[in-house]
Structure formats: structure tokens, C-alpha cells
Amino acid sequence: MKDDGNLTPDIIVIGGGAAGCLAALTAARQGACVTLLERNQKLGRKLYITGKGRCNVTNDCGADEVLKNVPHNSRFLTSAVTRFPPSAVKELFAGLGVPLKTERGGRVFPASDRAADIIDALLMGLRRAGVYIAQERAEALLTEGGAVTGVTTERGRFPCKAVILATGGVSYPLTGSTGDGYRMAEALGHTVIPPRPSLVPLVAEQDFCAGMQGLSLKNVGVKVKNAKNKIVFQEQGEMLFTHFGLSGPLILSASAHMRDFDKERYSVFIDMKPALDEKTLDARLLRDFSENPNRDLHNVMDALVPRLMSPVLAELSGIPGETKVNSVTREQRRRLLELLKGLRVDIRGPRPVEEAIISSGGVKVTEVDPKTMGSKLVSGLYFAGELLDVDAYTGGFNLQIAWATGRAAGEAAAAAL
């Protein structure tokens, strides 16, 4: 593993995702000789799937707002995010030739809506900075006297003065996030908080979700309550019914607020008509019923909700779908109204961590210097990205964490040389 000039690298970065790429780019731009190890054939495989393939690069907000969207260990990120906030990320990609745009909720995307443009720009930047990219899988870190001395890969041992671990978590293992970094960190004495899913689909207690499998709802309201009836999440957007329960952008966002499945029980309430209050919606029901008195209920309901949902609402309301509208009682209509404004789905738990967009947990942050991302246990070892025990809500905040921690690690590793 040599760079183009046949030199032994100063720094080896393990992991070619967002955090690893920026760590390598930062260190190389500061004059370090850097080798980037990526086990996949291409860099940034996980970036390809973020933001539905559009890559939600960051959020157009200040550092304080980023930290407010980090529910766990946000103080640890204060230094890194303050020194490399979203404005700096936008400036970085503008400098790499990628025009950006800002959409609802401050979400920042490449103007082309192509995640590939972000990855191509990073790759070009790495090449221009002289980073040598090797398609290899790191197996272990070598140390001597409490300091990093090299990396063992499938092809042998390679010396270096510093290592930046940026291997990701364990979500979406097909992208290369298989927990290798956790094992390497633990082998050197670091504590790893067991990973758990964050930004993940949810498994429903009720089986009626399976009857609506594949049904996508847009512009609906979702409210999540815990067992004490406290609202822990509330937002409007898009969601999806699946064979196991619920998914889609709105549900993934909600899941990040449902962090205590071991102790808590959660219920999701779906408002099919968030733009209408109960009184207005009831008036519409009455109007529709009066205009179609001799039609079956399910036929009238099809004008209000998607066809797959009509039989579910009829069953839950206790009204047979073939009931004539003029036979529906006031109490039955009231029950129907309650379902339209708050269809309840009790949640059994999240889907497996492998199906999560982001995994929570990772290297314990009290063992890492928050300014440098350097290990407090092993000299010359740095961490970046999802490998650390930090994660955020949706909206570009998780990638912002990756950029900021990658930048901090690359900067510190190069400076330490």
C-alpha cells in the first residue's frame, strides 16, 4: 500500500464514506501523505442512498440548530460543528464544483438531485489532493507503546503514524457498514455502546397495516405518544404502510424520537386530513352522505381516502362497507371521524438495526477528545462519523455530523505530524 510517490503514508483513513473522505481530504490539503482504505469498489456507497438518492448534504441552519437536532451527546459535537458548520459544508461543495439548493425544512441537496455528483466531487478532490485510494479491508490496528504504528489488511501490514477510523455503524451492511470499526476500537481498549436502530421503519401490533401494504400517503399528519399520553413527535409529510407496519420519511423521522423501546410503549396516530379540523371534516362527511344517501359507505369513503384504506376504516369503525350511507348513525359517523383524524397504530418496536438508515451507539465519546476526535487511550488514533456514539434527526443533520467530525479528525491528525 504505497501512494503515487512510493512513500509510506503518514495517515491511513479507514472507510470511504462521508466522514472518511472529508478526513482524508482535509489531512492531505494540510500536507500529510494520506492513504484511504475502502473495502467497496466505489467510495460513498451509503451516500448514494441518502435523501432517496438525492443526498441531503446538510441543513441550512446555524451550529446551534444542528446541535438541537442531536438528541444524544450533542455537547460532544459542539466544538466540531461550531468550527465546521453547515455554511462551511456548503462552501466546501461549492468549491468542489457542486451547485446546491435548499428545500423545505432547510434541507440542502445538490441542484442536480444526484447523490453521484457529491461522490464524484469528493473523489476528484481526493485525487487532486494526492490521496492514494486503496480497495482493501482493514483487519486490525497495530500499536506500540500506546501509539498507533500501522494497519493490518488482507494483504499484509502497513506502517503509518496515525489512523482515522471512519467505518460507519452497522446500518445497511450491504454498503460496507458491518461493524469492523467497533471491533478494532474494542481491541484497543475502547468502550463501544451497543448499536441500536435510529431512523428506522416500525413494526405494528395491529395486522391491518399489512392489508394496506404498499399504500403511500402524502401530506398526512403523524403524532407519536408514549404510554403516558405525552406527545414525543408531531409533523406532517409522507409515509408508507408495509407488511410489517409503517415506513416512509415521516415514520423514519418519528422513530428517532422513540428511543426507549425497552422501557416505553409508543403509539402512532395518523391524521388523514390535517388541513381540516374535526368540525369542518364532520361537515364534509355530512355533505358527502347527504349527496349520496343510497350509495354504499365504501364507495363514498373512496372519495375521502385511498381505496385500500376504505375497508380498514369501515372495519375499525364497526360499519360494514356495504352499509347504505343513509343508515349510518351519528355515533358511527363520530367513530369514523375519529379514525380519519387519528388512526391509531400501536408500535411493537423498530425493525432490525440492519434496516436502519443510521445506527445509534458506537465508540463511547467520553474516551474521545471532542476538539480533535483523537482517542484518549491510544496516541495517533482518531474517530469520525457514525462510528461514534452520536446520531441526529433527519434533515441533513447526520451528514453534517459526518462532515464536521471528519474535518476535525483530519485536521488534528495532520497537525499532530
Side-chain angles (χ1 to χ4, degrees), residues 13 15-30 32 34 36 38 40 42-67 69-70 77 79-131 133 164 166 168 175 357-358 373 384-386 390-414:
V13 179
C21 283
L22 197 54
L25 181 61
T26 301
R29 283 181 169 180
Q30 291 190 195
V34 181
L36 174 61
E38 170 52 55
N40 294 315
K42 291 184 177 180
L43 297 179
R45 279 193 65 181
K46 200 168 184 181
L47 282 169
Y48 279 108
I49 60 175
T50 63
K52 293 184 176 180
R54 298 169 61 214
C55 192
N56 187 180
V57 180
T58 185
N59 193 285
D60 189 17
C61 65
D64 288 349
E65 189 64 26
V66 173
L67 296 172
N69 281 274
V70 179
L77 293 169
S79 175
V81 172
T82 301
R83 286 185 290 125
F84 199 67
S87 57
V89 173
K90 291 168 67 178
E91 189 178 326
L92 167 75
F93 283 104
L96 290 172
V98 184
L100 301 173
K101 63 179 179 178
T102 302
E103 297 186 359
R104 182 181 60 84
R107 290 167 166 84
V108 178
F109 296 91
S112 64
D113 284 331
R114 295 178 69 251
D117 287 356
I118 296 294
I119 297 157
D120 290 347
L122 286 170
L123 180 58
M124 186 63 68
L126 290 166
R127 286 175 174 163
R128 285 175 178 164
V131 175
I133 301 169
I164 300 173
T175 64
I357 291 178
I358 292 291
M373 298 297 133
E386 196 182 343
V390 287
D391 65 290
Y393 301 137
T394 56
F397 301 109
N398 284 291
L399 267 182
Q400 175 60 42
I401 290 173
W403 307 128
T405 55
R407 172 83 172 195
E411 212 167 46

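These numbers were taken from a predicted model, which means no experiment stands behind them.
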Counting only heavy atoms not in Lys42, do more than 12 sit closer than 6.0 Å to its NZ atom? no
May I ask you to check whether over 12 heavy atoms, not counting those of Arg83, lie within 6.0 Å of atom CZ? yes
Heavy-atom closest contact (Gly16 atom, Cys21 atom, distance): O-SG, 3.5 Å
Pairwise side-chain contact, Cys55 with Leu399, heavy-atom cut-off 4.5 Å (strictly under): yes
Closest heavy-atom contact between Ala384 and Ile164? CB-CG2, 4.5 Å
With sequence neighbours excluded, give me every salt bridge (charged side-chain N to carboxylate O under 4.0 Å, His left out) pair touching residues 16-30. none
Leu25/Val131 under side-chain contact (heavy atoms from CB on, under 4.5 Å): CA gap, chis, key distance, verdict: CA-CA 7 Å; Leu25 181 61; Val131 175; 5.8 Å; no
Assess the residue pair Ile358 and Glu386 against the criterion (side-chain contact (heavy atoms from CB on, under 4.5 Å)); give the C-alpha distance rounded to whole Å, side-chain angles, the decisive distance to 0.1 Å, and a yes or no. CA-CA 8 Å; Ile358 292 291; Glu386 196 182 343; 4.0 Å; yes
Kindly give the heavy-atom pair with the smallest separation between Gly20 and Val13, and that separation in Å. O-CG1, 3.5 Å
Name of the residue among Thr102, Val89, Val66, Asn398 meeting side-chain contact (heavy atoms from CB on, under 4.5 Å) with Thr58: Val89
Go through the side-chain N and O atoms of Glu411 and Thr26 and say whether any donor and acceptor fall under 3.5 Å apart. no
Do Phe397 and Cys61 come within less than 4.5 Å of each other through their side chains, counting heavy atoms only? yes
Checking the side chain of Trp403 only, and the main-chain atoms of Ala88 only, is there a donor and an acceptor separated by less than 3.5 Å? no
Within the 4.5 Å heavy-atom criterion, are Leu126 and Val34 side-chain neighbours or not? no
Strictly distance-based, threshold 3.5 Å: is any side-chain N or O of Asn56 a donor or acceptor partner for the main-chain N or O of Phe109? no
Check whether more than 12 heavy atoms from other residues, nucleotides or ligands sit under 6.0 Å from atom CD of Glu91, and answer yes or no. no
Distance (rounded to the nearest 0.5 Å) between Ile133 CD1 and Arg127 CZ: 6.0 Å
About how many Å separate CG of Leu22 and CG of Leu122, when rounded to the nearest 0.5 Å? 7.5 Å
Val57 vs Lys90, side-chain contact (heavy atoms from CB on, under 4.5 Å): CA-CA, chis, key distance, verdict: CA-CA 8 Å; Val57 180; Lys90 291 168 67 178; over 6 Å; no
Run the side-chain contact (heavy atoms from CB on, under 4.5 Å) test on Arg54 and Arg107 for me, step by step, so that the C-alpha distance in whole Å, both residues' side-chain angles and the decisive distance to 0.1 Å come before the verdict. CA-CA 11 Å; Arg54 298 169 61 214; Arg107 290 167 166 84; over 6 Å; no
Rounded to the nearest 0.5 Å, how far does CG of Leu43 lie from CD1 of Ile119? 8.5 Å
Can you name the closest pair of heavy atoms from Gly105 and Asn59 and give their distance? O-ND2, 2.9 Å
Distance-minimising heavy-atom pair for Ile118 and Pro110: CG1-CG, 4.1 Å
Between CD of Gln400 and CG of Asn69, what distance do you get to the nearest 0.5 Å? 11.0 Å
In terms of heavy-atom contacts, Gln30 and Ala414 come closest through NE2-CB, 3.6 Å
